[in-house]
Amino acid sequence: MKTTQVLIAGGGPVGLTLAKVLTQFGIKVMVVERNATTTKYPKMDITNGRSMELFRKFGLADELRKSAVPEQHPFDVAWITSLAGHELHRFRYPSPEQSRALIRATNDGTQSREPAMRVSQVEIEPVLKRMAEAQPDADVRFGWTFEDFEQDDAGVTAILRNSEDDNTETVRCDYLIGCDGGGSRVRKLLDIALDGTPRVGLFQMVHFRSTARELLQRWGIAWHYQSPFGTMIAQNDNDIWTVQARQDPASAPNGIDPSALLQKFAGAPFDHTVLISNTWTPHLLLAQSYGRRRVFLAGDAVHQYIPTGGYGMNTGIGDAVDLGWKLAATLNGTGGPGLLASYEHERRPVGLRNREASARHTGVRIEIMQSYLADLESDVPVSAERRAAIGARVAALGNAENESWGVEFGYVYHRSPIVAAEQGAEPSLDPVRYTPTTMPGARLPSTFLSDGSALFDRLGPWFTLIDFGGADTDNFVAAAAKARIPLQILKLNEPSLERIYGRDTLLVRPDQHIAWRGSQRTRADADRILARALGWEAAG
């Protein structure tokens, strides 16, 4: 029987990221993926700023950016009548290159450490797979199907099947993690139900190659061109594109002609080669539980969203990092019995909030589409005055799906049992505006220090105690040594940042969230603070 510390079922972005997190903390992992290769389907087209911060933390960001759209290209989103017709309104967003300059110039805690990245899941999965395979503690097996498991107080016994020769293999592990997608076999075996709304629409995806940029980029480079007939995603701003179009099942009982769909969206015929075309159904679902005993779930196995807002994979990356450091701490003996239990406490509220945001963004898209669908279906050309009115309506409804910084950066684990919550402290619930805060449970605001270095880059691999006010930190050093907890002390004298961080002492976790904050005026009970942050003591 083969053994490993953590068995990960599912070799998509979430499973592969979890493998990288675990191996970076010295944990042995096995990843099994039923498909022989990484995905061929363009499922996702943005890695948001928060995910890029986490990828940077675990040494993945630079390699992933090599597979992305050039950094000089913008994130513009435009609403049109058709590619051959008129552009009605364009939401302009800076390129990653421009965002980097903005991040440094602003430096008020409202910005991310890393800009977002335009890239298809088709491109990033091979990079993540390659980087996971390069880890000595990782055994990455594609073409292996997870079939069944039994768990006991000491571990989990799993059955795997090789898709090439149909042979089975038994693996014994300490923990099993289901990162195996919306139809998760692990979730079904745990008998965990999904809440929400299934089958919220029917879409046709047409993935194609074309160099007809005189039509496809008629108004210049844009990430998305949108109309009531669908959304065109520029996958590489060169020759690979995807159109996603809502469909009425009754309108095409004999199937959909992908080339006809493209022509309808474009408003004119153009040379192209269809690479992939299929129908698919999005959902708005959230698992009732994120795991049981020694078996946990992450990514699409616990939450499924409409792609508006890009919350699917990006929420899963947050799951992987949160679960990853807690598994590592538990397995290396520093994590207490409450640490892994806190995973669901922290991530399920995020999953719920993001499901609601995805539904909200979809509602706005539908309202925009319905506001001028009749105009496009009419035999009468849309007048200039009418186009101006539609454009104004689009601008008024806005594009919150690409501007919800509160959703992306503002989630706070303030009710987590391993966070030293402060009585009466409540986070902002504004989904669009991100308000920097150092309240326990929040993501540490990102800034640059007076020497030009980034605060995020000065954090240690495990816990970091940041002292902005000259406090005595010897008690934390002693408590960490006694508990065998790797703790980095970072003493900073940054008067210009006092309005963001105050003169507090902050205990920052491996996922860049704040576990505790204290004042230099009082001597903290370091033993108790660290015990709570690592699940040895329940919050009270």
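FYI, the numbering just counts along the sequence from 1.
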Notebook entry, point to check: Would you say the side chain of Gln235 lies within less than 4.5 Å of the side chain of Asp45, judging by non-hydrogen atoms?
Noted result: yes
Next item on the list: Measure from the side-chain N and O atoms of Thr23 to the backbone N and O of Lys20, and report whether any donor-acceptor pair falls under 3.5 Å.
Entry: yes
Checklist line | Minimal non-hydrogen separation, Val31 against Ala19, with atom names | finding: CG2-CB, 3.7 Å
Notebook entry, point to check: Is it true that the side chains of Arg213 and Asn238 contain a donor and an acceptor less than 3.5 Å apart?
Noted result: yes
Item checked: Partners meeting salt bridge (Lys or Arg N to Asp or Glu O under 4.0 Å) with Asp180 (sequence neighbours left out) -> none
Check: Could you state the interatomic distance from OG1 (Thr47) to CD (Glu123), rounded to the nearest 0.5 Å?
Finding: 11.5 Å
Item checked: With Pro349 via side-chain contact (heavy atoms from CB on, under 4.5 Å) - residues at least two apart -> none
Identify every side-chain donor-acceptor pair in residues 313-325 under 3.5 Å, counting partners at least two apart or on other chains, and give the distances.
unit_1: Asn314; atom_1: OD1; unit_2: Asn48; atom_2: N; d: 2.9
unit_1: Asn314; atom_1: OD1; unit_2: Ser51; atom_2: OG; d: 2.8
unit_1: Asn314; atom_1: ND2; unit_2: Ile46; atom_2: O; d: 3.2
unit_1: Asn314; atom_1: ND2; unit_2: Gly310; atom_2: O; d: 2.6
unit_1: Thr315; atom_1: OG1; unit_2: Tyr311; atom_2: O; d: 2.4
unit_1: Thr315; atom_1: OG1; unit_2: Asn354; atom_2: ND2; d: 2.9
unit_1: Asp319; atom_1: OD1; unit_2: Arg347; atom_2: NE; d: 2.8
unit_1: Asp319; atom_1: OD1; unit_2: Arg347; atom_2: NH2; d: 3.2
unit_1: Asp319; atom_1: OD2; unit_2: Gly299; atom_2: N; d: 3.1
unit_1: Asp319; atom_1: OD2; unit_2: His303; atom_2: NE2; d: 2.7
unit_1: Asp322; atom_1: OD1; unit_2: Lys326; atom_2: NZ; d: 2.8
unit_1: Asp322; atom_1: OD2; unit_2: Lys326; atom_2: NZ; d: 3.3
unit_1: Trp325; atom_1: NE1; unit_2: Asp511; atom_2: OD2; d: 3.4

Item checked: Donor-acceptor pair between His73 and Ser95 side chains, under 3.5 angstrom -> no
Margin query: Quick check on side-chain hydrogen bond (donor to acceptor under 3.5 Å, both in side chains): which of His345, Arg532, Glu346, His513 does Ser416 satisfy it with?
Written below: Glu346
Note to self: Taking the side chain as everything from C-beta on, heavy atoms only, tell me whether Arg458 gets closer than 4.5 Å to Asp451.
What the structure shows: yes
Next item on the list: Identify the two heavy atoms, one from Tyr175 and one from Leu331, that lie closest to each other, and give their separation to 0.1 Å.
Entry: CE1-CD2, 3.8 Å
Checklist line | Side-chain touch Arg218/Leu83, heavy atoms, less than 4.5 angstrom | finding: no
Checklist line | Residues which pass salt bridge (Lys or Arg N to Asp or Glu O under 4.0 Å) with Arg113, listed by chain and number, not counting sequence neighbours | finding: Asp457
Checklist line | Derivation of the side chain to side chain contact (heavy atoms under 4.5 Å, CB included) call for Arg509 and Ile418 | finding: CA-CA 11 Å; Arg509 311 183 327 182; Ile418 64 167; 3.4 Å; yes
Note to self: To check you understand the geometry: which heavy-atom pair defines the closest contact between His207 and Pro42, and what is its length?
What the structure shows: ND1-CG, 3.4 Å
Note to self: Any non-hydrogen side-chain atom of Met117 less than 4.5 Å from a side-chain atom of Phe55?
What the structure shows: no
Item checked: salt bridge (charged side-chain N to carboxylate O under 4.0 Å, His left out) between Glu53 and Lys57, worked out -> CA-CA 6 Å; Glu53 288 179 341; Lys57 163 81 177 182; over 6 Å; no
Margin query: Using side-chain heavy atoms (C-beta onward) and a distance below 4.5 Å, is Ile177 in contact with Leu327?
Written below: yes
Item checked: Heavy-atom donor-acceptor pair, Tyr305 side chain to Gly351 backbone, under 3.5 Å -> yes
Notebook entry, point to check: So among Gln24, Lys28, Gln5, which one has a side-chain hydrogen bond (donor to acceptor under 3.5 Å, both in side chains) with Asp137?
Noted result: Lys28
Item checked: Note: Arg517-Glu422 ion pair, threshold 4.0 Å (strictly below) -> yes
Note to self: side chain to side chain contact (heavy atoms under 4.5 Å, CB included) for Glu498 and Phe468? Distances and angles first, verdict last.
What the structure shows: CA-CA 8 Å; Glu498 187 171 334; Phe468 288 97; over 6 Å; no
Next item on the list: Any chance you could lay out the side-chain hydrogen bond (donor to acceptor under 3.5 Å, both in side chains) test for Asp430 and Ser428, step after step, and finish with the verdict?
Entry: CA-CA 6 Å; Asp430 189 333; Ser428 168; 5.3 Å; no
Checklist line | Contacts of type salt bridge (Lys or Arg N to Asp or Glu O under 4.0 Å), residue Arg209, not counting sequence neighbours | finding: Asp239
Check: Taking 4.0 angstrom as the limit, do Glu356 and Arg360 come out as a salt bridge?
Finding: no
Notebook entry, point to check: Excluding sequence neighbours, so at least two apart, what forms salt bridge (Lys or Arg N to Asp or Glu O under 4.0 Å) with Glu344?
Noted result: none
Check: So do the side chains of Ile306 and His361 get within less than 4.5 Å of each other, counting heavy atoms only?
Finding: no
Margin query: Counting C-beta onward and ignoring hydrogens, is there a side-chain heavy-atom pair between Leu487 and Trp462 closer than 4.5 Å?
Written below: no
Check: Checking side chain to side chain contact (heavy atoms under 4.5 Å, CB included) for the pair Ile80/Trp219: CA distance, chi angles, key distance, verdict?
Finding: CA-CA 10 Å; Ile80 60 176; Trp219 299 284; 3.7 Å; yes
Checklist line | Pairwise side-chain contact, Ile466 with Leu455, heavy-atom cut-off 4.5 Å (strictly under) | finding: yes
Check: Taking atom types as modelled, is there a side-chain donor on Asp108 or Thr110 under 3.5 Å from an acceptor on the other?
Finding: yes
Next item on the list: Could you pull out the closest heavy-atom pair between Met439 and Ile514, with the gap in Å?
Entry: O-CB, 4.3 Å
Notebook entry, point to check: Between the side chains of Thr447 and Tyr501, is a donor N or O closer than 3.5 angstrom to an acceptor N or O?
Noted result: yes
Notebook entry, point to check: Hey, are Glu63 and Lys66 close enough for a salt bridge, meaning a charged N less than 4.0 Å from a carboxylate O?
Noted result: yes
Notebook entry, point to check: Can a salt bridge be assigned to the pair Glu71 and Arg100 using a cut-off of 4.0 Å between side-chain N and carboxylate O?
Noted result: yes
Check: Got a salt bridge between Asp300 and Lys43, using NZ or NE/NH1/NH2 to carboxylate O under 4.0 Å?
Finding: no
Note to self: Before we go on, tell me: are the rings of Tyr225 and Trp241 under 6.0 Å apart, centre to centre?
What the structure shows: no
Notebook entry, point to check: Is there a side-chain hydrogen bond (donor to acceptor under 3.5 Å, both in side chains) between Ser450 and Glu494 once you walk through the steps?
Noted result: CA-CA 7 Å; Ser450 55; Glu494 299 285 339; 3.1 Å; yes
Item checked: Gln135 side chain vs Met131 backbone, donor-acceptor pair below 3.5 Å -> yes
Next item on the list: Could you tell me whether Arg34 atom CZ has more than 12 heavy atoms of other residues or ligands within 6.0 Å of it?
Entry: no
Next item on the list: Looking only at non-hydrogen atoms, find the nearest pair between Thr308 and Glu401 and report the distance.
Entry: CA-OE1, 3.7 Å
Next item on the list: Check the side chains of Asn35 and Glu33 for a donor-acceptor pair under 3.5 angstrom, ignoring hydrogens and angles.
Entry: yes
Notebook entry, point to check: Which heavy atom in Leu176 sits nearest to a heavy atom in Val186, and how many Å separate them?
Noted result: CD2-CG1, 4.3 Å
Notebook entry, point to check: How are the rings of His89 and Phe91 set to each other: parallel, tilted or perpendicular (split at 30° and 60°)?
Noted result: perpendicular
Notebook entry, point to check: Is it true that a side-chain atom of Gln226 and a backbone atom of Val77 form a donor plus acceptor pair closer than 3.5 Å?
Noted result: no
Next item on the list: In sequence, state the C-alpha distance, the side-chain angles, and the governing distance for Ile489 and Asp467, and then conclude on side chain to side chain contact (heavy atoms under 4.5 Å, CB included).
Entry: CA-CA 8 Å; Ile489 305 295; Asp467 172 36; 5.8 Å; no
Notebook entry, point to check: Is a donor on one side and an acceptor on the other found under 3.5 Å between the side chain of Asn332 and the backbone of Thr334?
Noted result: yes
